[in-house]
Amino acid sequence: MASSLHPHSLPASFHPLPHLSRSLIPRHSNRKRSTPIVVRSVLQWNRKPELSGETPRVVVVTSGKGGVGKTTTTANIGVSLARYGFSVVAVDADAGLRNLDLLLGLESRVVYTAAEALNGDCRLDQALVRDRRWPSLELLCISRPRSKLSLAFGPKALTWVVDALRSRSSGPPDFVLIDCPAGIDAGFVTAIAPAHEAVLVTTPDITALRDADRVTGLLECDGIRDIKMIVNRVRTDLIRGEDMMSVLDVQEMLGLALLGVIPEDAEVIKSTNRGYPLVLNQPPSMAGLAFEQAAWRLAEQDSMQAVMVEEAPKKRGFFSFFGG
Amino acid sequence: MASIPTALHLPRIRSLPPLIRIRFLNAAAPPNLQLDSFSSKLVRLRSFKIRATDDSLDTGDEKNVEERAGIEVEGNGVHPQRIALSLRASINTLHAPFLRLKRSNFGTKYSLGLCIALAAIVVIVVRQLVVRSRSRERQGSVADLVRRGQLRSDRRGISKPLRYDDPFNNPLVKVGKGDSTVEMFGKVYRLAPVILTKEQQSSHQKRRSQVYQWKRPTIFLKEGDDIPPDVDPDRVRWIPANHPFATTVSDIDENLARENVYQKQGAPFRIRVEHEALQRKIEALQNRQKSNKASTDPNGARDFGSPINSKPQEQLETNPSADQHHGQGTAKPDSDEISLTDELRNF
């Protein structure tokens, strides 16, 4: 549990970034410190991420349980990666209940889907919907909401789609993000078929954790070993009152590397209804910043080395009553 | 200040402290103010009235007051000297705070303090109003944005662009000067290190590999179907009868679908095929029509080579009453031909 924290037991691969080490490594002072805590900041704003790994990076965003934020995560990480300068194709692999187009605000521009491309009604590049805000982001829906794709055909079809994207004339995309439907049914099988790595989205509650553990097991059985998790809808006030599992508790239960911790934020529902991804909000929101950080780590194949576990009361000045 | 009108002025004190003058009034009059310090003496002196009046013209310090203090006793007082002394002492104790207040420029400071308090209240009220108005502006709902004209309801997602250009320089995020704090949006968070080790990760993977035995299904069979001989039974996913896609039959040839996905240029397969089929149908219709014309009208042979713009149609458009006058003289175009021609033109 979180109480078993050992400040010095950091992973051996710990290499603080040079621009952050100055502020985060404890300074030597005359006053002796009993337990100097060396942590690596979760926030890295000073440079653009460097893409690591072989392109295209095919990442499936899955969870098992529904309603934990898979589509929100896919949309926001996709837009963040596009803002970082990477070319991204976001694939909505939910054949029956697609929603990614709504979150990206592109629902009125989806004319063709991958099913039409397979059918020969259009080419694959015609089925890709380019986002006008960030042209390096493209959306591909796998089928129309009411159309029926053969169950056995899905995994093969999505694999072909990814292969075709890899060999397209304009160059392969840097990322193919696949939004996986809930459950472990045929949609899940379809979505994970072409993936090389996975982002597991979960919330800090026992129902989501059990499903997440099962899905992780299935992914590992399928050969996907690079699995990182995003803990969504975290409330530090509930964690402080011991009414919610902390992120470290979740990590201890699942044993997965942390890609991001997304705090509960009312801006999420607002941005969803507006069809505008959270990371584009001005002013930026807490959850948007966390999504950007997660995208940063995803690009660099990095993971979190420190988490925000407690909310310390800010020292208030004398004139704070007047807004100071 | 209020004064009590009376015809008879009894013991009277002159040159009292500047703010207060006390007059001893007639014994018959009821007392307005009784001072504790000399109330016992007043009992002996029968009842008398004390009247306080403001004498703004009298200015002077305490010493002058004492020097100038004099008592006029009119009426039947018993020990006027003693009364005067005790009264003077009492008055001195009474008016000392007022003197101190006056000495410290009481009025100016009071007004200054009042102004500061009023200014503070005004600042607080204005700030609250500004905060409320801002919070009202940040509602962010679709209806609110549409009402304020920032969002067009029919153009979601491509409305006013909200983008901040530099995600790497965010003023709302400050890494603490200390070791392990981060301030985000005005709140300070403490950072705790992640302690998951590689050994723990591998032990979790081992646990899961023992718990979950799974192979990705490659074939989906409906209940009642037979398993093909070359298929691993672990890779079969049985579709329940009530599954929404259970009745879905794939009519797509897999090889063809694969070719379609990999196609990079040119018309898509189905569009091309439909177009060719349409063209063949038109040509067949025109051939049939021309053969009919050739049998009835030899002059129609010159129209070969322009299948779309056929002369009969032009004649029909230019002379709509031709049918009525000539009967079967001109061939009536087939309705299928017209529609197909239009479709072909649309291409």
Side-chain angles (χ1 to χ4, degrees), chain A residues 5-7 9-11 23-24 26 37 39 41 43 45-46 83 105-106 117-124 132-133 148 150-153 160-161 164 169 189 214 216-218 220-222 251 255 258 270 273-275 280-282 284 286 292 304-312 314 322-323, chain B residues 123 127 140-142 145 151 156-158 161-164 167-170 172-173 175 179-182 184-197 200-201 204-205 208-209 211-212 214-217 219-220 237 239 245 248 250 252 257-258 260-264 268-271:
Chain A
L5 279 174
H6 299 293
S9 60
L10 284 172
S23 62
L24 295 172
I37 298 174
V39 292
S41 174
L43 302 160
W45 295 100
N46 306 44
R83 290 182 65 227
L106 300 173
L118 289 160
N119 224 5
D121 294 328
C122 68
R123 294 190 310 269
L124 184 62
R132 289 175 186 162
R133 297 162 296 197
K148 291 179 178 179
S150 172
L151 290 175
F153 192 53
W160 296 337
V161 165
S169 54
V189 175
R214 180 160 171 73
T216 309
L218 301 188
E220 286 169 350
C221 289
D222 198 51
Q251 193 179 31
L258 263 174
K270 291 181 188 175
N273 289 333
R274 288 169 55 202
L280 297 179
N281 271 10
Q282 176 69 291
M286 282 280 286
E292 281 197 334
M304 288 178 76
Q305 301 299 322
V307 294
M308 296 188 293
V309 292
E310 193 177 335
E311 194 176 328
K314 190 186 175 186
F322 299 102
Chain B
V123 166
R127 182 171 174 271
S141 65
V142 175
L145 292 169
L151 186 67
R156 291 176 66 246
I158 51 172
L162 295 174
R163 56 175 71 178
Y164 56 108
F168 310 105
N169 183 21
N170 196 317
L172 296 173
V173 179
V175 178
D179 302 330
S180 58
T181 58
V182 166
M184 293 177 73
F185 295 87
K187 287 184 180 176
V188 179
Y189 294 91
R190 183 172 66 82
L191 298 179
V194 167
I195 56 167
L196 186 74
T197 58
Q200 287 173 324
Q201 282 193 41
H204 274 283
Q205 284 181 357
R208 278 192 287 263
S209 67
V211 173
Y212 307 115
W214 187 71
K215 287 179 182 174
R216 188 201 303 172
I219 184 166
F220 291 76
R237 173 66 64 92
I239 308 166
F245 294 170
T248 305
S250 175
I252 305 174
R258 190 171 189 174
N260 291 338
V261 169
Y262 282 101
Q263 185 181 357
K264 293 181 177 64
F269 169 76
R270 180 160 293 194
I271 302 294

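Naming: A, B, ... by sequence-line order, numbering from 1 per chain.
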Rounded to the nearest 0.5 Å, what's the gap from NZ on B:Lys264 to OH on B:Tyr262? Could you check? 8.0 Å
Report which part of A:Gln251 has an atom under 4.5 Å of a heavy atom belonging to chain B: side chain, backbone, both, or neither. both
Assert top hit (heavy-atom pairs under 4.5 Å, partner chain B, pool A:Val189, A:Leu258, A:Val161) equals A:Val189
Spatial distance of atom CZ (B:Arg270) from atom CG (B:Asn260) [nearest 0.5 Å]: 8.5 Å
Are the side chains of A:Arg83 and A:Leu280 in contact, using a 4.5 Å heavy-atom criterion? yes
Tell me, for B:Arg237 versus chain A, whether the close heavy atoms (under 4.5 Å) come from the side chain, the backbone, both or neither. side chain
Taking the side chain as everything from C-beta on, heavy atoms only, tell me whether A:Leu118 gets closer than 4.5 Å to B:Val261. yes
Chain B interface, residue from A:Gly255, A:Ala117, A:Gly217 that has the most non-hydrogen pairs under 4.5 Å: A:Gly255
